[in-house]
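Working notes, beginning with the structure itself.
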Amino acid sequence: MKARITFALCSLPEMALNRDMAMLSVQNKLEILADAAKYDASCASSGAKRAGNSKGVGHTDGMGICHSYTPDGRCVSLLKILLTNYCTYDCVFCVNRVSSDIRRARFSPQEVVGLTLDFYKRNYIEGLFLSSGIIQSPDYTMEQLIEVAKTLRSVHHFGGYIHLKTIAGCDERLVQEAGRWADRLSVNIELPSQSDLVQLAPEKKAVVIEGTMGQIRAKKDAAEDEGKALRSAPKFAPAGQSTQMVVGATETTDRQIILRASTLYGGYKLRRIYYTGFSPYPEADARLPLKATPLMREHRLYQADWLMRFYGFSAEEITTESAPQLSLDEDPKTTWAKAHPEFYPVDVNAAPREALLRVPGIGHRNVERILRIRTYHRMSMEDLRKLHVRVKSVAGYVVAADHLPTAPAAGAMPTAQMELFAASSALSGQV
Amino acid sequence: MRRVEVAPTFEAWREVAREALKDGYRPEEINLADATVPVSGLLTLQAEDEPQGAMVARPHVPKEFLERARSVAAHREARRWNLLYRVLWRLQSERRLLRMELDADVAEFGRLEQQVRRDLHKMHAFVRFRRIVDEDGEQFVAWHEPDHRIVPLAAPFFAERFAVMRWAILTPDECVSWRPETKELIFGPGVPRETAPQADELEGLWRSYYGAIFNPARVNPKAMRAEMPVRYWKNLPELTQLPNLMQKAESRVQSMMIRQSRQPTAAPFVPEEHTLTVLREALPRCEGCDLFRHATQVVPGAGAAHAALMLVGEQPGDQEDLQGEPFIGPAGAILRRAMEELGIDAEQVYVTNAVKHFKFVSRGKFRLHQNPKMSEISACRPWLLAEIDAVKPSVILCLGASAAKSLLGGTFALMKQRGEPQESTHARHVYATVHPSAVLRGADEEGRAQLYAYLKADLATAWAQVLKCE
């Protein structure tokens, strides 16, 4: 194939070149390979703690930091690039697929190491998020990614955050080694269902992707067991694993997506699932929609995801068989509340945590505060207002010291309160 | 009321507060004023009354209060010293005061603390070091303008993270520097902005990265400003090009949409009825990609209408282009020879190509064959799929990589997987082998013989499958 031949010719430029020349070429590559990586939504740099060391730069304190924000409102936390955007796969939804006539480039592992350190020392980034197109084979590609992480850690004693994309189907030995150097590993599930994959990513198979996820989980579990017995035991991907799926490129419903997400969280102990609304890109395949998936759909999916992880909702109850799509006009908690008037009102001074969590307009942080405060004080609506609860939105759902709901719960207005979580989390880079 | 000026450090306040508690000053009897705020002369003339409260020699100071008060002390709000004293004084009798989140003093205490912590977080995030080289080697120096007096609070983070680097952070009120040899934070007074270095060679790369990493289809400046308030922008090198980026974002999206809608495809030219006669009639009108412009004519497939075996090549060659028939040139001759040797009945075979027009470059009198691009193969795929649907062969044999990639996907590795049954929805049995023209291009006699043997062996496998199916 043409792509493969070009690739063979594109041998790596020597670093010994005139510095200006080298800078220019690294700059071009950076533009191409950052541009190609921008469709990966993950930007988190949290979840791992590593103290500074006396030999190299870098530490992580578990919080994650956004060093900048781009005009699309997203956090810049890691140097997020592809090692190369050459790819032998032909996934229809992906800008880097082999049949796409885009500009191609390839970094040498050494160039990525240099960029990461240079950026890190100037406090531009928390670390590196390295992914790649599939070149030669999954194993070869994975070896290249590992080479970068290994050099950063063992040669430069780099203590910053490293997130490595794990190539589905690579040798188990490579998964093990990747987890040794990286804080986080991720395998992209790509599309919500196997039939979506057959349609749009012919070379990718859900069983292979999940096989690699399973290996990561097993190795992490094993490392944690060893860590309990012996504190100095080597860690495996301390910030865990995440995944990403593109939504809106196929007809798959929100219900299918949420159920799938729930299975993935349970089966592989994922820290996060990122949902990326399909957006058009240069040279896209004619089978894809021309217009971007509404941002609101992506936002609603994150809200549904939050309901499962922090609000005690099960995947099945967020949507129904008869209405399998999330509403774009109201958040999923409000939708559920309207469908279950029998559940309300909830007494803020007496109800258990699980019930408070189901009040539209009260977030999980405020639930914790309410639980603390009511031990010494009977809470009124004014008290809720002081906690920045939107009193208008919750009025139909709660009983407080000075308040009984008058209007039926179903009449409550849609609330914007929920948006605080998903939006700020997507921006803050925290898990 | 007694008035005491407090210098802008937590330690200064602690001294004053300890004395005041010891003397028994109730919060309303003492004013802990911010020494950095100029006062009018009148205030200093107020009479000093004797303190009325109980004297506290050994104050109760919970660790949590001490830690949080350290943050509040960094706030620029002048009232913070009085607030801190009031909370400390109340803590002496209300031990659980800090749990009372709805209490006005505690809420204010929490609010100031929150604002300082946010500022601290932003300082950790937005400090931008610039590398300079002086007589002592390289040093990384940053200019930053925090909202509050947080340099001492922020410095340990940088000390841990950049322990091996010589660095300094300069601000209008305070400065801090670090030397890896001594591992000590050295604090000093503020300096003017001009003291800091004005550029760094890496900033060009950093701007390129910033410009490339966002998705122009999803511009959301409100979200951006919420997280990165405009007042920080002037010290962030990546934001110098922002107006330019925003302007370009819209046109980038426009051109993307236009280009995507122009992605070549034959789909609109392929009739709904998939019979060979209908397809043959429609083919000459195809303008699905640009190849039709230079080719002499389109070359449809040929052979039995319901052949059991379909052979798919790459594209027509020079001869095929001139005569409008597939596999009549030198490659076709090789293919026929192999079929004859294997006794394959040509009546039961349909031959066609993945791409239906000849692609070439002119070199003097010759027209040199050129590989079709993947986008051209994809553009032509609807024709191939329609042909398969019309003929419904039980076995398909792809000749060469282009045909294989068209039907089996971009990762198909021909030399590794040739001759093996492939999983596919296009027919019950799908195989791939080398293209007959590859045999002609073999490096030497031996190579050509080897390639011919591959072609023949795989043809034999496919044909055996046909016979089995019958």
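Note on naming: letters A, B, ... go to the chains in the order of the sequence lines (proteins, then strands), and numbering restarts at 1 for each one.
Across the pair A/C75 and A/C66, the gap between the SG atoms, which is the quantity tested here, stays under 2.5 Å.
For the set B/Y210, B/Y232, B/W167, the count of heavy-atom pairs under 4.5 angstrom toward chain A peaks at B/Y210. Between chain B and the options A/K55, A/R372, A/M379, the largest number of non-hydrogen pairs under 4.5 Å is found for A/R372. Listed options B/M246, B/E238, B/E101 were ranked by heavy-atom pairs under 4.5 angstrom with chain A; first place goes to B/E101. By number of non-hydrogen pairs under 4.5 angstrom with chain B, the leading residue of A/G159, A/G277, A/G56 is A/G56.
Residue A/D383 is tested with A/R369, A/H377, A/R374 for a side-chain hydrogen bond (donor to acceptor under 3.5 Å, both in side chains); the sole match is A/H377.
The part of A/N53 that comes within reach of chain B is its backbone (N, CA, C, O), which places non-hydrogen atoms under 4.5 angstrom from that chain. Interface remark: B/F157 contributes backbone and side-chain atoms alike to the contact with chain A (heavy atom separation under 4.5 Å). Both the backbone and the side chain of A/A51 come within contact range of chain B, judged by heavy atoms closer than 4.5 Å. Both the backbone and the side chain of B/E160 come within contact range of chain A, each with at least one heavy atom under 4.5 Å from a heavy atom of that chain. Only the side chain of A/E298 comes within contact range of chain B, with at least one heavy atom under 4.5 Å from a heavy atom of that chain. Both the backbone and the side chain of B/E203 have a heavy atom closer than 4.5 Å to some heavy atom of chain A. Interface remark: B/K122 contributes side-chain atoms only to the contact with chain A (heavy atom separation under 4.5 Å). The contact between A/I125 and chain B is made by backbone and side chain atoms together, counting heavy-atom distances below 4.5 Å. Heavy atoms closer than 4.5 Å to chain A are found nowhere in B/L414, neither backbone nor side chain.
With ring centers used as reference points, B/F162 lies 6.0 Å or more from B/F140. Ring centers of A/Y124 and A/H67: at least 6.0 Å apart, outside the cut-off.
Remark: A/K49 engages no residue in a side-chain contact (heavy atoms from CB on, under 4.5 Å) (not counting sequence neighbours).
In plain terms, the two heavy atoms of B/P197 and B/V141 that are nearest each other are CD-CG1, 3.5 Å.
A salt bridge links A/E126 to B/R161: one of the charged nitrogens lies within less than 4.0 Å of a carboxylate oxygen. The existence of a salt bridge linking B/E138 and B/R166 is excluded, since no basic side-chain nitrogen approaches an acidic carboxylate oxygen closer than 4.0 Å.
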